[in-house]
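Working notes for the structure below.
Quantities reported herein were computed from a predicted structural model and do not represent experimental measurements. Protein chains get the first letters and strands the later ones, always in sequence-line order, with residue 1 at the start of each.
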There are 2 protein chains.
Amino acid sequence: MRQKEKVTIYDISKKLNISAATVSRALNDSDRVSLKTKELVLKTAKELNYQQNALALALKSGRTFNVGVVVPYINHTFFASVIRGIEEELEPKGYHVIICQTHENVESEAKQIKTLLNTHIDGIFISVSKTTESVKHIEEVRDEGVPLIFFDRKKDISGVSSVTINDFEGAYEATTHLIQQGYTNIAHIGGDHKLEIYKHRYDGYIAALKAHNLPVNDDLLLQVNSTVEAGIEAVKFLLKNNISFDAIFSASDYVALGGMRELRANGFKIPEDVGVVGFSNEPFTKYLERPLTTVGQTPVLMGQIAAQVFLEQITDVKKNFRVEKKVVLSPELYTRDTSIKKGS
Amino acid sequence: MRQKEKVTIYDISKKLNISAATVSRALNDSDRVSLKTKELVLKTAKELNYQQNALALALKSGRTFNVGVVVPYINHTFFASVIRGIEEELEPKGYHVIICQTHENVESEAKQIKTLLNTHIDGIFISVSKTTESVKHIEEVRDEGVPLIFFDRKKDISGVSSVTINDFEGAYEATTHLIQQGYTNIAHIGGDHKLEIYKHRYDGYIAALKAHNLPVNDDLLLQVNSTVEAGIEAVKFLLKNNISFDAIFSASDYVALGGMRELRANGFKIPEDVGVVGFSNEPFTKYLERPLTTVGQTPVLMGQIAAQVFLEQITDVKKNFRVEKKVVLSPELYTRDTSIKKGS
DNA sequence: ACAATTAATGTAATCGATTGCACGAAAATA
DNA sequence: TATTTTCGTGCAATCGATTACATTAATTGT
């Protein structure tokens, strides 16, 4: 019921009739303590089940061994997997991961960062929200000297490292794959270009068309939210306006799913009449009766690498210089049923 | 580059030529400070952009406003959603959530808890790993006087609160639904009974059969891991041994999915030849071309309630008594395509 | 006008660990 | 033997905020 009184170095020092300073030095294996006392201290520390008080240490040293991760939503598979990657890499080094979600809201994002800074975390990992335009709250982190690492969704801020996916390449490959399968009239249902990732996917799509001498048709370009419903609406819009197309490259698996629903509802066969490629390799894509071709992003790896960049960064900070490291991971196309024309 | 020097109450006290004690009292709105100084302090605090040092406060008060959440895997939708619920409830009260994953490994679980305790968190939420049998490491938390709340997967320990789903009821309803649809030969592919949840789901299944005067056939009872592959294997096993069945109630959506794959591969039609019901309402279940009937668990709500129980607990601890609160949430059956016989 | 309250502020200890400086004792050197 | 090193410890300040207790100043009552 009542708190067990914690054992401190003073308890050890009293028991052995030596000063707390010596105990501290012994526990830290300082070479200024005799072997005899060192062993004695270590022994009694074990006996009394001494646990170092992390708070006192943090107050003194300024390091908490806590890092913060800020994401739009933690129960989105992608972000949860990145967090897992970070956690797996940092946990063995004694770090704890504090997670925060912004619900795609800048104000929330700014507030979360503020409280994280106040909690004296040793570093921050962030994937910015869709609504983030001003980056003042992010620059503040950098200016306080706290290591900051962007992952997936970044902003261009000098002196900040980032780990991202090569969205351009992923989109280019996906589009090229559709072209090679014989599709020539490929629609692109993308997302808001305020987020770099969607801009890059768009660019990759355009580049692939041009590389294969296909015309770019503005009618085939849409920007929608990343939901099943938005996908349904997008395809409805295309059909209603009699815009003809024989394939869809979607910047979101959810949108692709919605789109396929609507296409089937209108009698279109996939992949015979319309080929479909999504983006993200969401877990559900491979469980569909007709598994969806999609671009995979290796989120766990992304988290691990972000963590490694952080670890490099803190040793650099000690040396009092800042490196700006930009890591770009290659995506992988998972070629599945929805984009393979029969007999080809 | 270099750390901005943090502003402390001493900076304020120097600037105003008053003692740090008065500053502290003013900031805490004590009634032992004159209104004049109070305003003055508040004003200069804002001017200097003073931020309370959470570490110093934690060291003094023993409260860190951090809580720990221990789950098997954080990128499983269910757990991620529970965490989200906890986070949403506690964040407005100034708490931070520290997450840890055990990878279904007791040793890891024990270690995580140990380091959490050492970080002086204010409470721990835990869903135990599959391999957890001894509960010493968990009792230690209770004995240290740290509020502890089980969610979903619990162990019976006196003096510890829990928030769970009524798995019995969920299984009972799912099975009853199949019976009402006209299925009479229902197999149950469950999980290891070491986890209470699987035992309860099994019990619910049995109870439903008995309530409808259906015989319990041991051949129709399997225990497997919660994976697609295990589902495939399970159905293969049933078919190979010529065990006839016209429905499957699975304790896992993944297993149900694998089972359906294998059934279709063998020419069975779902739901005409075999009805299928899963458990968990994983996101993918509703995106299947033939959406899966499944039992939903309201994980976000579970997290929120767990958080509320925690908040009650800490006020109780102050009053120096412990309440053991057991909250059991009702699951909800999502009736979808895989269990509705045509024309019925 | 003087004692008794009350109001406002200051002093110093505390939370637990770390660390520069100082001190005494033993060992090495002259 | 006298003197300088070296070695092991202890003292006390520090990190930043809180709070019991002490102290001073202002106010009230008689």
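- For DNA chain C, the span of nucleotides reached by chain A at under 4.0 Å from its heavy atoms goes, 5' to 3', from C/dG16 to C/dA22.
- The 5' end of DNA chain D is approached more closely, in terms of each residue's nearest nucleotide, by A/L35 than by the other of A/L35 and A/Y10.
- Across all strands shown, B/D11 has no heavy atoms under 4.0 Å from either base or sugar-phosphate atoms.
- Aromatic ring centres of A/H96 and A/F65: separated by at least 6.0 Å.
- Within 4.0 Å (heavy atoms only), A/L59 reaches at least one base atom of the nucleic acid.
- Ring-centre distance between A/F151 and A/F125: not below the 6.0 Å cut-off.
- Taking 4.0 Å as the cut-off between side-chain N and carboxylate O, A/E88 and A/R84 count as a salt-bridged pair.
- Within 4.0 Å (heavy atoms only), B/S61 reaches no atom of the nucleic acid at all.
- The base of D/dT9 lies close enough to the side chain of A/R32 for a donor and an acceptor atom to sit less than 3.5 Å apart.
- One can place CD of B/Q51 at 11 Å from P of D/dA17, the figure rounded to the nearest angstrom.
- When the P atom of D/dG8 is taken as reference, atom NZ of A/K36 falls 10 Å away, rounded to whole Å.
- Using a 4.0 Å heavy-atom cutoff across all strands shown, B/L57 reaches sugar-phosphate atoms only and no base atom.
- Here B/K6 pairs with A/E144 in a salt bridge; the nearest charged N to carboxylate O distance falls below 4.0 Å.
- Regarding A/I9, its CD1 atom lies at a distance of 13 Å from the P atom of D/dC11, rounded to whole Å.
- Counting any heavy atom pair closer than 4.0 Å across all strands shown, B/S19 reaches a base atom.
- In terms of phosphate contacts, A/S34 brings a side-chain nitrogen or oxygen within less than 4.0 Å of OP1 or OP2 of D/dT9.
- The interatomic distance linking B/L27 (CG) with D/dT18 (C1') rounds to 12 Å, in whole Å.
- At a threshold of 4.0 angstrom between heavy atoms, the contacts of B/I18 are confined to the sugar-phosphate backbone, with no base atom among them.
- Regarding contacts with the backbone of D/dT9, every side-chain N or O of A/T22 stays at 4.0 angstrom or more from both OP1 and OP2.
- Ranking D/dA17, D/dT9, D/dA20 by closeness to the B/Q52 side chain, first place goes to D/dA17.
- Although no hydrogens or angles enter the test, the distance criterion places a donor-acceptor pair under 3.5 Å between the side chain of A/E104 and the main chain of A/K130.
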(message) Apply salt bridge (charged side-chain N to carboxylate O under 4.0 Å, His left out) to residues B/D152 and B/K154 and explain how you reach the verdict.
(response) CA-CA 6 Å; B/D152 196 48; B/K154 70 182 179 65; over 6 Å; no
